[in-house]
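Read through the structure below, which is laid out as structure tokens, and then see the notes.
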Amino acid sequence: MELTSRDLKDYFHLIVNMVEEEKDYLCELDRKIGDGDHGVTMSIGWQAVNEKLVNELVDEEDPAKISLVVGKTFLSAVGSSVGPLYATGFMRGAKTLKNKNTLHDNDLTAYWVAFANGIKERGEAEVGDKTMVDTLEPFAESLTSQFADTQDFLTAFQIAVNDAKKGMESTKKLISKKGRSSRLGERSVGAQDPGATSVYFILATFLSFIEERKAKVS
Amino acid sequence: MKKLLNNPTNVVEEMLEGYVKAHPDYIKQLPENQRSLVTVRETRDDKVGILIGGGSGHEPGFMGYVGEGMADGVAVGNIFASPSPDPILEVTKAIDKGAGVAYLYGNYAGDVMNFGMAAEMADLEEEIQVQAALATDDVASAPKEEQEKRRGIAGELFIFKAAGAAAEFGYDLENVIRVAEKANANTRSMGVGLSPCSLPQTGEPSFELGENEMEIGLGHHGEPGIEKGPLETADHVAERLVKDILEDMPINQGEQVAVLVNGLGSTPRMELYLIYRRVEQLLAERGIVVYRSYVGDYITSLEMGGCSVTVMKLDEELKQTIDHPVNCPMFVQK
């Protein structure tokens with residue numbers, strides 16, 4: 001697989017649309033265990049990113065720069081806790097793309113692993129805390145090992161996103177240990193974590209993007 | 001819920017525009033970032049800068065507390081969301097006079113990350129010395145064994161006041177932080193929620209509570225509390241809140257305290273004074289002396305219904321800080 005800066009921008013546009021579609025659902029999840037604004041927050045951040053995509057980034061050809069601007073823009077617009085978390089993910093990802101014009105299977109693997117690890121480090125959360133990490137850690141582990149086995153990014157990413165989904169769903173039965181919702185204790189059980197969900201959507205959007213692209217090429 | 005709005009997306013920007021237009025004699029926006037507000041007054045050259053901040057929706061918290069005796073600048077976040085590092089850094093640069101800047105904010109995951117990133121940037125890129133003191137006054141937010149995990153609620157007012165005064169006394173950064181941390185260690189709050197607020201962007205209530213229910217320990221973003229039950233009388237509620245505070249922080253007979261009864265947004269002063277009446281009685285019964293009292297909406301949650309009680313134990317130094325005059329757009333003390 002080979003992706004260019006144009007593809008990367010197309011993907012970020014897809015996230016912008018996805019977030020608008022899922023905004024209400026994410027708020028709904030957040031109302032059960034938080035203050036009900038996760039969808040709004042994501043929308044504020046991705047709308048700001050959209051502004052950059054259609055202006056400053058239109059002619060940008062450096063994938064690293066694109067991912068860096070996406071992270072920084074999201075952080076500036078959002079603050080909150082999701083701001084630093086997603087920003088760190090996209091900025092750490094950007095680091096792995098430095099000096100690369102086209103992205104190959106190993107670059108894409110490195111990018112997504114760095115994204116997942118960056119968020120985990122920033123949030124200082126572990127699997128089982130009912131956070132984004134419950135989606136991201138199984139995803140990154142599976143992506144790393146599957147890619148080592150198959151050397152095929154698409155196959156590895158498909159399996160990894162499937163494990164990410166299981167991780168996201170596992171948050172339903174967990175007691176929250178981080179952030180505002182940790183205050184709920186037992187009462188947080190039964191609700192799926194909004195952060196674990198939005199990050200799953202971000203990964204799933206990338207999967208459908210590369211699947212579609214592959215279908216077009218072949 | 002009905003609200004007076006234009007485009008809900010612009011609510012924070014429009015509020016800030018109105019705020020600086022209303023109080024040009026107190027405050028201005030920085031050209032670098034609209035979410036950065038600083039005092040217009042001239043302060044002493046060796047004064048430690050006091051920076052406060054947090055989400056909007058808590059007005060008068062936090063932008064209402066920029067001025068004499070309190071903060072020099074504030075970074076304003078989206079509703080109930082920490083500001084990002086950018087506005088924090090801009091305020092830091094604007095208010096530093098070479099003596100460093102004290103960051104004061106509530107202990108929330110988002111605030112810790114964003115203020116932490118801003119402090120790192122201030123140090124690395126600007127060589128400004130920054131130290132932070134976090135408010136953890138909300139007794140209901142974590143058990144005593146995990147006190148460091150507790151969030152800040154209305155008690156933040158006392159912490160801002162103590163540190164703001166200390167900076168004006170000419171204390172250095174280390175001592176401003178020491179006073180802020182002492183104020184925090186001596187402060188406890190307990191709240192009760194009666195009705196939810198709704199975010200302008202969604203219009204949906206932030207939590208659900210039955211018509212005749214109240215929730216003890218409800219957080220000031222609608223985080224669920226520790227106990228839901230039938231609505232009780234003002235006296236009973238005051239007794240419960242004071243009991244939890246004193247169990248957590250015993251106060252001896254003869255000790256002096258500052259008390260704050262804080263409304264969450266839509267609870268009338270009438271009801272707040274009913275609560276204060278009983279709080280004062282309960283403290284007097286135990287021989288605890290109320291040195292100074294505050295009743296009103298100091299840190300709110302949009303139109304949430306309910307209130308909190310905050311008690312700060314005073315020593316001589318904290319008494320001096322609590323007596324220090326304040327002149328801010330939303331808080332004046334002579």
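Naming: A, B, ... by sequence-line order, numbering from 1 per chain. Excluded from the calculations below are hydrogen atoms, water molecules and symmetry mates; all remaining heavy atoms, backbone and side chain alike, are included.
- If you measure heavy-atom distances from B:I88 to chain A, you find no contacts under 4.5 Å at all.
- Contact of A:A77 with chain B is made through the backbone alone, with heavy-atom distances under 4.5 Å.
- Contacts between B:P205 and chain A at a heavy-atom distance below 4.5 Å involve the backbone alone (N, CA, C, O).
- The environment of CD in B:E213 is crowded: more than 12 heavy-atom neighbours from other residues, nucleotides or ligands sit within 6.0 Å.
- Per-residue counts of heavy-atom pairs under 4.5 Å with chain B were compared for A:G36, A:S76, A:G83; the largest is that of A:S76.
- Rounding to the nearest 0.5 Å places CD of B:E204 at 12.5 Å from CG of A:D30.
- For A:N99, the CG atom sits in a loose shell: 12 or fewer heavy atoms of surrounding residues, nucleotides or ligands are nearer than 6.0 Å.
- At a threshold of 4.5 Å between non-hydrogen side-chain atoms, the residues B:N78 and A:I44 count as touching.
- Within a 6.0 Å sphere centred on CD of B:E208, other residues, nucleotides and ligands contribute 12 heavy atoms or fewer.
- Heavy atoms of A:V78 lying under 4.5 Å from chain B belong exclusively to its backbone.
- Taking a 6.0 Å sphere around NZ of B:K2, one finds it holds 12 or fewer heavy atoms contributed by other residues, nucleotides or ligands.
- For the atom pair CZ of A:R31 and OG1 of B:T202, the computed distance is 5.5 Å after rounding to the nearest 0.5 Å.
- Counting heavy atoms of neighbouring residues, nucleotides and ligands inside a 6.0 Å radius, atom NZ of B:K149 does not exceed 12 of them.
- The neighbour count for A:K72 NZ, taken as heavy atoms of other residues, nucleotides or ligands under 6.0 Å away, does not exceed 12.
- Within a 6.0 Å radius of NZ in B:K228, other residues, nucleotides and ligands contribute more than 12 heavy atoms.
- Under the 4.5 Å side-chain criterion, counting only non-hydrogen atoms from C-beta, A:D37 is not in contact with B:I79.
- Rounded to the nearest 0.5 Å, atoms CZ (A:R122) and CE (B:M117) are 4.0 Å apart.
- Taking CE of B:M113 as the start and OG of A:S81 as the end, the distance is 5.0 Å to the nearest 0.5 Å.
- Judged by distance alone, the side chain of B:D111 and the main-chain N or O of A:S80 form no donor-acceptor pair under 3.5 Å.
- Ranked by heavy-atom pairs shorter than 4.5 Å toward chain A, the options B:G54, B:P83, B:P85 are led by B:P85.
- Looking at B:N114 and A:L75, their side chains come closer than 4.5 Å, going by heavy atoms from C-beta outward.
- Within 6.0 Å of atom NZ in A:K65, 12 or fewer heavy atoms from other residues, nucleotides or ligands are found, so the atom counts as exposed in its surroundings.
- When B:P8, B:S84, B:G55, B:A75 are compared by the number of non-hydrogen pairs under 4.5 Å with chain A, B:S84 comes out ahead.
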